[in-house]
Amino acid sequence: MDQEFFIALAINAITALVIAIVALWFSGWVRTRIVKLSDRNARFDRTLAHFLGSVARYAILALAVVFILGRFGIQTTSLAAIIGAAGLAIGLALQGSLSNLAAGVLLVALRPFKAGDYISAGGESGTVDEITLFNTEMTTPDNVKIIVPNGDIFSSAITNYSHYDKRRCDLVFGVSYDTDLKQAETAILSCITADPRAHQEPEPFVKVSNLGDSSVDFTVRVWCDASDYWGLKFDLTRAVKEAFDAGGIDIPFPTQTQINVEA
């Protein structure tokens, strides 16, 4: 009797192990196949593909757990009773994870961003790699991977820098009070016109915006492609500085005068 029991237990354990291995492999294979659909079909969003792949993977694993428990004689009705009894405790213990799951579903459904977008959300900024069931994975510009809980993202303001194809580059340049303002404005406009990344429509904005303590400030607004934003911002700042130097236009800066007091 004992021998038959242990033999049956060993068979069930081996069967359960096989089911677990097959489920792990098959769930991974299904997830990969779903994700690859976005590569073959441009209309199938990559973010949605990754999310559906994760859902399919966990669903297969959950089904495998039911089969494994069935091998050990735990009936479906008994399993439902156990899940029902433990549901409240699990819900309380995993309320953070469940809120992340709900937020993940809403992020995919509402789609405030997608994979490949550069966003700022949940106190972090980076390029979105993947939205999983519980977390959103991002990569920072200096190639650091960040994993942010979906709940943190959905409960905070989301800034999507990649949503639109065009962005406005805002800059401020200060010149001294004795500067010929028309000359300074012309120098700035010439730098903008010389850069092919700067759009001429809408027309670049270059106007005196502030009379500061030691400088007259020009506000500059230039539209460009979103992908050219940082390059244009950095290069235009340098180009204007060099144009000011070439034209003899002074840029004021704080100075300190040391007074020697003789005893």
Return yes if a side-chain donor-acceptor contact under 3.5 Å exists between [X] and [Y], otherwise no.
{"X": "S209", "Y": "D217", "answer": "no"}
{"X": "D225", "Y": "S227", "answer": "no"}
{"X": "D117", "Y": "N160", "answer": "yes"}
{"X": "S190", "Y": "T193", "answer": "no"}
{"X": "T159", "Y": "S120", "answer": "no"}

Can you tell me how far [atom2] of [Y] sits from [atom1] of [X], rounded to the nearest 0.5 angstrom?
{"X": "N210", "Y": "T219", "atom1": "CG", "atom2": "OG1", "answer": "8.0 Å"}
{"X": "I249", "Y": "F173", "atom1": "CD1", "atom2": "CZ", "answer": "11.5 Å"}
{"X": "L106", "Y": "S99", "atom1": "CG", "atom2": "OG", "answer": "11.0 Å"}

### Residue pair K241, I251: steps toward the side chain to side chain contact (heavy atoms under 4.5 Å, CB included) verdict
CA-CA 8 Å; K241 170 62 169 63; I251 300 177; 3.6 Å; yes

[X]: partners by ring pair (Phe, Tyr, Trp, His ring centres under 6.0 Å), with sequence neighbours left out:
{"X": "Y161", "value": "Y118"}
{"X": "Y164", "value": "none"}
{"X": "F218", "value": "none"}

### Query
Stepwise, does the salt bridge (charged side-chain N to carboxylate O under 4.0 Å, His left out) test hold for R31 with E130?
CA-CA 13 Å; R31 182 182 184 279; E130 182 180 357; 2.3 Å; yes

### Message
Quick test of your reading of the model: are R197 and D235 salt-bridged, counting only N-O distances below 4.0 Å?
### Response
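Salt bridge: yes.
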
### Query
For F205 and V222, what are the C-alpha separation, side-chain angles and deciding distance, and is it a side chain to side chain contact (heavy atoms under 4.5 Å, CB included)?
CA-CA 7 Å; F205 178 93; V222 186; over 6 Å; no

### Task
Could you check T132 against E137 for side chain to side chain contact (heavy atoms under 4.5 Å, CB included), going step by step and ending with a plain yes or no?
CA-CA 8 Å; T132 64; E137 299 180 2; 4.3 Å; yes

### Message
Show the nearest heavy-atom pair for residues I60 and A23, with the distance to one decimal.
### Response
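Shortest heavy-atom contact: CG2-O, 4.1 Å.
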
### Query
Which atoms form the tightest heavy-atom contact between C224 and L232, and what is the distance?
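Heavy-atom minimum between the residues: CB-CD2, 3.6 Å.
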
### Message
Take a 6.0 Å sphere around CG of D142 and say whether it holds more than 12 heavy atoms from other residues, nucleotides or ligands.
### Response
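Yes, because the 6.0 Å sphere around CG of D142 holds more than 12 heavy atoms from other groups.
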
### Task
Please list, chain by chain and in numerical order, all residues satisfying side chain to side chain donor-acceptor pair (under 3.5 Å) with D180, sequence neighbours excluded.
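For D180, no residue satisfies side chain to side chain donor-acceptor pair (under 3.5 Å) once neighbours in sequence are set aside.
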
### Task
Can you sort out the partners of Q183 under side chain to side chain donor-acceptor pair (under 3.5 Å), two or more places apart, ordered by chain and number?
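Testing Q183 for side chain to side chain donor-acceptor pair (under 3.5 Å), a comparison that skips the adjacent residues, returns none.
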
### Task
Verify side chain to side chain contact (heavy atoms under 4.5 Å, CB included) between N135 and V148, making sure each step is shown before the conclusion.
CA-CA 5 Å; N135 305 303; V148 186; over 6 Å; no

### Query
Should D228 and R167 be marked as a salt bridge (charged side-chain N to carboxylate O under 4.0 Å, His left out) after you check the CA-CA gap, both sets of side-chain angles, and the distance that decides it?
CA-CA 9 Å; D228 293 332; R167 286 188 64 184; over 6 Å; no

### All side chain to side chain contact (heavy atoms under 4.5 Å, CB included) counterparts of P112, not counting sequence neighbours
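In terms of side chain to side chain contact (heavy atoms under 4.5 Å, CB included), with neighbours along the sequence ignored, P112 is linked to L107, L110, I158.
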
